[in-house]
Participant: 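Following this message is one structure expressed as structure tokens.
Per chain, numbering begins at 1; letters A, B, ... match sequence-line order.
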Amino acid sequence: MIQVKLPDNSIKNFEQALTILDVAKSISPSLAKATLAGRINEELKDVSYLIDHDCSLKLVTEKDNEALDIIRHSAAHLLAQAVKQLFPGAQVTIGPVIENGFFYDFSYERAFTPEDVVLIEKRMHDIVKSNQIIERKELSREDAIAYFASIGEKYKVEIISAIANDQVLSLYTQGDFTDLCRGPHVPSTSKIKAFKLTKLAGAYWRGDSKNEMLQRIYGTAWRNKEELDNYLTIQEEAKRRDHRIIGKNLDLFHQQDEAPGMIFWHPKGWAIWQEVEQLIRREISLDGYQELKTPQIVDRSLWEKSGHWSMFGESMFTTHSENRDYAIKPMNCPCHILVFNQGLKSYRDLPIRFAEFGSCHRNEPSGSLHGIMRVRNFIQDDGHIFCTEDQLQNEAQKFIDLVFRIYKIFGFNDVAIKLSTRPEKRVGDDSFWDSSETALANALESKNLKYTLQPGEGAFYGPKIEFALKDCLGREWQCGTLQLDPNMPGRLGATYIAEDGSKKVPLMLHRAVLGSLERFIGVLIEHYAGDFPLWLAPIQAAVLNISEKQAPYAVSVYNNLKNNGFRCELDISNEKIGYKIREKTLLKVPYLIIIGDKEIENNTITLRKRDGTDMGSMTLEQFQELLGSELIS
RNA sequence: GCCGGUGUAGCUCAGUAGGUAGAGCAGCUGACUUGUAAUCAGAAGGUCGAGGGUUCAAUUCCUUUCGCCGGCACCA
């Protein structure tokens, strides 16, 4: 007698061993049809799994969230099967589930073309139609290696060879295709109902740039067509928000061949920048930061002392003059230490908080550049805190508060926190790393903040806390960072006089709330889709006249607003009002001011918001009050 | 940096099986004087990313190179 406990705590008794599918059938035929897998004592299993002992069972159907991963994994196999049928010379490697879909990497004598992908996707649909049963089989390591070696799948052999000896290996077969896989999978190919191949790309074997480059095919897969369409719509939306397109349409900035990875900020883009920079300036001064400015180009010897020359020499821009080598600064911290080093510092002076909007250059690999999100010249809302070990926790807490305070102003309320610990390539001994990692973790825990651990992701000089905000499409952007650096102050000779009269080396915290302003503004553009809130809008209002007659009145309204500090535009061209409204609406101007004869007569203005709302007429004074109150909120 | 794609007017894009290119919008000129998302007309606008090669002839073919796009790798 076998007892199977179901999620509603009811218990079903069976005379003999049976599969998960059999259990589903015993409940209802339609449930059996919908079942994709089962969770036996919390472990996911195929529907063909044989239940031969008492257990709890939760049937996984299309409706369950966990079904999605199974479908996607099966879609990856489906892709591999189609590729093997069309290109028998291709070797399969790995095909995991990723966010929103899956990919599969192949080794092939040539790159796949977009035309190939069309054929592959078509073949995948054919295989789905033919409803091939997906069967699981267990094999010994030796047999599995022998099998894949016999069909010439060298990568699979390599993968199996790396798997521990005592692991049971499972193979999944569907029609003419067999793949090594942990599973589980859907019971047959017809269960994969909604998928689409999305991208073609090169990818290194095992993610290592020293290895062969494989052909990666990306796809997305969903429970049904509605979900797939919904996903594709969101992708379209993301494309519509692309900061490179909006940046061009709104005339915010441009980039050109002569300066790859650098931004030419236009007046309108720079207006946004200034607002963001001023906001940071206000907020950090409340937290006791002092702003300063340090040189752009600094002698090589400083970078050698700081460790950058050996650690990041290749990605620093250099120059030289009169037999001296210089680096164009890739970061501000060494210079901040040089400022700290001027004059004796007492423990009474600490903590000292320096801030700088310093322009930094890093020679990022060409392939990594992306609009204004990843650039070679950037400015961070950078800052460095010099403090004692006792002050560390308090400073970390204070900074965490600052980050949340500022993100909230932009409407980012969902923030993911990550703690990155010691990387392989690092300076400083292990006791430094032990204590500093603990200190950061304590700061987070004292604030009851949840965080994920990222082992090996720390900076070469110390561990860090990273703050990733979520935009309105749910995408994560890592912006804020707090990095503990117990090494650099010592390397550059920073000291303070302690209470007992001895010289001590201060701790340093590198911190930024927004990170690179270029990137942060890129995030803002995509988050708001160009519809900036009034305080950030490059043009806050546009004055439009109906016809030539009202031009002088329109000019006076424009001048009045401009003189009161609002960013304003005037259009008194000989165009119809509909044309002017369309133009300014496309430029996402929050308020359009329409001036016709009526307005002159009543000494008012008529307002239209960028979303089309007609706000009727009011006096200019009333409008300015309205703007003022919107700016404060 | 690596793999693949791509580069034509200010913008969005078409085109040439090798014979130095075309549309819409914008800009310019003119007419119209307009009431809430594109008024009409005219003229003009291009070393077809850059260098080299093949050819009588290259924007088109070959090659080198640069930028951009999608990934991978990288991201102090």
Participant: Could you tell me the separation between the OH atom of A/Tyr591 and the C1' atom of B/A37, rounded to a whole number of Å?
Facilitator: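 Taking OH of A/Tyr591 and C1' of B/A37, I get 19 Å after rounding.
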Participant: Does A/Lys609 reach a base, just sugar-phosphate, or nothing at all? Heavy atoms under 4.0 Å.
Facilitator: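 Answer is nothing: A/Lys609 stays at 4.0 Å or more from every strand.
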Participant: Rounded to the nearest Å, what distance is computed from the CD atom of residue A/Glu583 to the P atom of nucleotide B/U36?
Facilitator: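 In whole Å, B/U36 P lies 17 Å from A/Glu583 CD.
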Participant: With the criterion being N/O to N/O and under 3.5 Å, what pairs connect the protein with nucleotides 38-44 of chain B, and how long is each?
Facilitator:
from  : atom 1 : to       : atom 2 : distance (Å)
B/A38 : N9     : A/Arg582 : NE     : 3.4
B/A38 : N7     : A/Arg582 : NE     : 3.1
B/A38 : N7     : A/Arg582 : NH1    : 3.2
B/A38 : N7     : A/Arg582 : NH2    : 3.2
B/A38 : N6     : A/Arg582 : NH2    : 2.5
B/A38 : N1     : A/Arg582 : NH2    : 3.4

Participant: Students often get this wrong, so: under 4.0 angstrom with heavy atoms, is A/Ile577 touching a base, only sugar-phosphate, or nothing?
Facilitator: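 Contact class for A/Ile577: sugar-phosphate only.
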Participant: At what distance, to the nearest 0.5 angstrom, does CE of A/Met618 lie from CD1 of A/Ile593?
Facilitator: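 Interatomic distance, A/Met618 CE to A/Ile593 CD1, rounded to 0.5 Å: 9.5 Å.
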Participant: Can you list everything that forms a salt bridge (charged side-chain N to carboxylate O under 4.0 Å, His left out) with A/Arg582? Sequence neighbours excluded, please.
Facilitator: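 Partners of A/Arg582 by the salt bridge (charged side-chain N to carboxylate O under 4.0 Å, His left out) criterion come out as none, since no residue qualifies.
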Participant: Looking at A/Glu457 and A/Arg422, is any side-chain nitrogen of the basic one under 4.0 Å from a carboxylate oxygen of the acidic one?
Facilitator: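 The answer is no: the pair does not qualify as a salt bridge.
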Participant: Counting the atoms with a prime plus P, OP1 and OP2 as sugar-phosphate, which does A/Tyr461 contact under 4.0 Å by heavy atoms, base, sugar-phosphate, or nothing?
Facilitator: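 If one applies the 4.0 Å heavy-atom cut-off, A/Tyr461 turns out to touch the sugar-phosphate alone, with no base involved.
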Participant: Using side chain to side chain donor-acceptor pair (under 3.5 Å) as the criterion, list what pairs up with A/Thr481, not counting sequence neighbours.
Facilitator: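 Listed in chain order: A/Gln483.
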Participant: NA contact type, A/His370, heavy-atom cut-off 4.0 Å: base, sugar-phosphate, or nothing?
Facilitator: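 A/His370: backbone/sugar contact only, no base atoms under 4.0 Å.
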Participant: With no angle test and no hydrogens, is the base of B/G71 tied to the side chain of A/Tyr204 by a donor-acceptor pair under 3.5 Å?
Facilitator: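 Answer is no: no donor-acceptor pair is held.
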Participant: Within the structure shown, what part of the strands sits under 4.0 Å from A/Gly207 by heavy-atom distance: base, sugar-phosphate, or nothing?
Facilitator: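 Sugar-phosphate, backbone atoms only, no base.
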Participant: Hey, is the side chain of A/Lys199 poking within less than 4.0 Å of OP1 or OP2 on B/G70, counting only N and O atoms?
Facilitator: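 The answer is no; no side-chain N or O of A/Lys199 sits under 4.0 Å from OP1 or OP2.
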Participant: Rounded to the nearest 0.5 Å, what separation is found between the CH2 atom of A/Trp303 and the NZ atom of A/Lys329?
Facilitator: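 Reported value, rounded in 0.5 Å steps: 7.5 Å.
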Participant: Hey, is the side chain of A/Arg608 pairing donor to acceptor with the base of B/A37 inside 3.5 Å?
Facilitator: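 For A/Arg608, whose side chain was compared with the base of B/A37, there is a donor-acceptor pair (under 3.5 Å).
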Participant: Distance between the C1' atoms of B/G49 and B/A43, in whole angstroms?
Facilitator: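 B/G49 and B/A43 have their C1' atoms separated by 29 Å.
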Participant: Whenever both distances are under 3.5 Å in a Watson-Crick or G-U wobble pair, mark it; put RNA chain B into dot-bracket that way, with [ ] for crossing pairs and | when the partner is on another strand.
Facilitator: (((((((..((((.....[..))))..((((.......))))......(((((..]....))))))))))))....
Participant: May I ask you to say whether A/Glu304 pairs ionically with A/Arg300, meaning some side-chain N is under 4.0 Å from a carboxylate O?
Facilitator: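 So A/Glu304 pairs with A/Arg300 through a salt bridge.
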Participant: Please classify the nucleic acid contact of A/Asp597 as base, sugar-phosphate, or nothing, using heavy-atom distances under 4.0 Å.
Facilitator: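 A/Asp597: base contact, heavy atoms under 4.0 Å.
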Participant: Could you give the CD-to-C1' distance, from A/Glu364 to B/A76, as a whole number of Å?
Facilitator: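 After rounding, the reported distance stands at 10 Å.
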Participant: Find which nucleotide of RNA chain B each of A/Thr113 and A/Lys464 is nearest to by heavy atoms, and output the residue with the more 5' nucleotide.
Facilitator: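 Closest to the 5' end, via its nearest nucleotide, is A/Thr113.
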Participant: Could you check whether A/Glu599 gets within reach of a base, just the sugar-phosphate, or nothing at all, counting any heavy atom under 4.0 Å?
Facilitator: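 Base: the residue A/Glu599, judged by heavy atoms under 4.0 Å, touches a nucleobase.
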Participant: Over all strands shown, is A/Tyr218 touching base, sugar-phosphate only, or nothing at heavy-atom distances under 4.0 angstrom?
Facilitator: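 Sugar-phosphate contact only.
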Participant: Which part of the nucleic acid, if any, lies within contact of A/Ser547, taking any heavy atom under 4.0 Å across all strands shown: a base, the sugar-phosphate backbone alone, or nothing?
Facilitator: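 A/Ser547: base contact, heavy atoms under 4.0 Å.
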Participant: Measure the distance from CD1 on A/Ile98 to C1' on B/C72 and round it to the nearest whole Å.
Facilitator: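 Taking atom C1' of B/C72 as the reference, CD1 of A/Ile98 is at 12 Å.
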Participant: Rounding to a whole Å, what distance do you find between A/Asp208:CG and B/C3:C1'?
Facilitator: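 Whole-Å distance recorded here is 15 Å.
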Participant: For a quick check of understanding: with a heavy-atom distance under 4.0 Å over all strands, which category does A/Ala203 fall into, base, sugar-phosphate or nothing?
Facilitator: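 Sugar-phosphate: the residue A/Ala203, judged by heavy atoms under 4.0 Å, touches backbone atoms but no base.
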Participant: Taking atom P of B/G4 as reference, at what distance in whole Å does atom CD of A/Gln215 sit?
Facilitator: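 Rounded to whole Å, this separation is 7 Å.
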Participant: Could you pull out the protein-nucleic contacts involving nucleotides 61-68 of chain B (nitrogen or oxygen on both sides, under 3.5 Å)?
Facilitator:
from  : atom 1 : to       : atom 2 : distance (Å)
B/G67 : O2'    : A/Asp257 : OD1    : 2.4

Participant: Could you list the residues that satisfy side chain to side chain contact (heavy atoms under 4.5 Å, CB included) with A/Tyr204, not counting sequence neighbours?
Facilitator: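 Per chain and number, A/Tyr204 pairs via side chain to side chain contact (heavy atoms under 4.5 Å, CB included) with A/Ser209, A/Met213.
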Participant: Considering residues at least two apart in sequence or located in another chain, which fulfil the side chain to side chain contact (heavy atoms under 4.5 Å, CB included) criterion with A/Lys418?
Facilitator: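 With neighbours one apart ignored, the set is A/Thr452, A/Gln454, A/Glu466, A/Ala468, A/Glu476.
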Participant: All N/O contacts under 3.5 Å from nucleotides 10-15 of chain B to the protein, with atom names and distances to one decimal?
Facilitator:
from  : atom 1 : to       : atom 2 : distance (Å)
B/U12 : OP1    : A/Lys248 : NZ     : 3.3

Participant: Of A/Asn377, A/Val375, A/Leu369, which meets side-chain contact (heavy atoms from CB on, under 4.5 Å) against A/Glu364?
Facilitator: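 Of A/Asn377, A/Val375, A/Leu369, side-chain contact (heavy atoms from CB on, under 4.5 Å) with A/Glu364 is met by A/Leu369 alone.
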Participant: A/Ile593 CD1 to B/G35 P: how many Å, rounded?
Facilitator: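 To the nearest whole Å, that distance equals 20 Å.
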Participant: List for me each residue that meets side chain to side chain donor-acceptor pair (under 3.5 Å) alongside A/Trp222, sequence neighbours excluded, and say none if there are none.
Facilitator: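 For A/Trp222, the residues satisfying side chain to side chain donor-acceptor pair (under 3.5 Å) (neighbours in sequence not counted) are A/Thr220.
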Participant: What residues, two or more places apart in sequence or in another chain, satisfy side chain to side chain contact (heavy atoms under 4.5 Å, CB included) together with A/Asn603?
Facilitator: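 A/Tyr553.
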Participant: Starting at CD1 of A/Ile595 and ending at P of B/U36, how long is that distance when rounded to a whole Å?
Facilitator: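 After rounding, the gap between these two atoms is 15 Å.
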Participant: Mind checking what makes side chain to side chain contact (heavy atoms under 4.5 Å, CB included) contact with A/Asp381, not counting sequence neighbours?
Facilitator: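 Result, side chain to side chain contact (heavy atoms under 4.5 Å, CB included) vs A/Asp381: A/Ile280, A/Phe357, A/Ala512, A/Val513, A/Leu514, A/Leu517.
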Participant: With no hydrogens and no angle check, is any side-chain donor or acceptor of A/Glu356 less than 3.5 Å from a backbone partner on A/Gly383?
Facilitator: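 Pair absent, no side-chain N/O of A/Glu356 close to backbone of A/Gly383.
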Participant: So, applying side-chain contact (heavy atoms from CB on, under 4.5 Å) with A/Tyr591, which one of A/Arg608, A/Glu630, A/Gln540 is it?
Facilitator: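 The option that passes is A/Glu630.
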Participant: Select one nucleotide: of B/U36, B/A37, B/C2, the one nearest the side-chain heavy atoms of A/Leu586.
Facilitator: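 Among the listed nucleotides, the one closest to the side chain of A/Leu586 is B/A37.
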Participant: Could you check if a side-chain atom of A/Pro330 sits within less than 4.5 angstrom of a side-chain atom of A/Phe312, using non-hydrogen atoms only?
Facilitator: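 A side-chain contact under 4.5 Å is absent here.
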Participant: Over all strands shown, is A/Ser315 touching base, sugar-phosphate only, or nothing at heavy-atom distances under 4.0 angstrom?
Facilitator: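 If one applies the 4.0 Å heavy-atom cut-off, A/Ser315 turns out to touch a base.
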Participant: Once salt bridge (charged side-chain N to carboxylate O under 4.0 Å, His left out) is applied, do any residues pair with A/Asp251, and if so which ones, sequence neighbours excluded?
Facilitator: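 If we apply the salt bridge (charged side-chain N to carboxylate O under 4.0 Å, His left out) test to A/Asp251, skipping adjacent residues, there are no hits.
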Participant: For a quick check of understanding: with a heavy-atom distance under 4.0 Å over all strands, which category does A/Met213 fall into, base, sugar-phosphate or nothing?
Facilitator: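 A/Met213: base contact, heavy atoms under 4.0 Å.
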Participant: Within the modelled atom types, does a donor on one side and an acceptor on the other bring the side chain of A/Arg362 and the base of B/C75 under 3.5 Å apart?
Facilitator: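 No.
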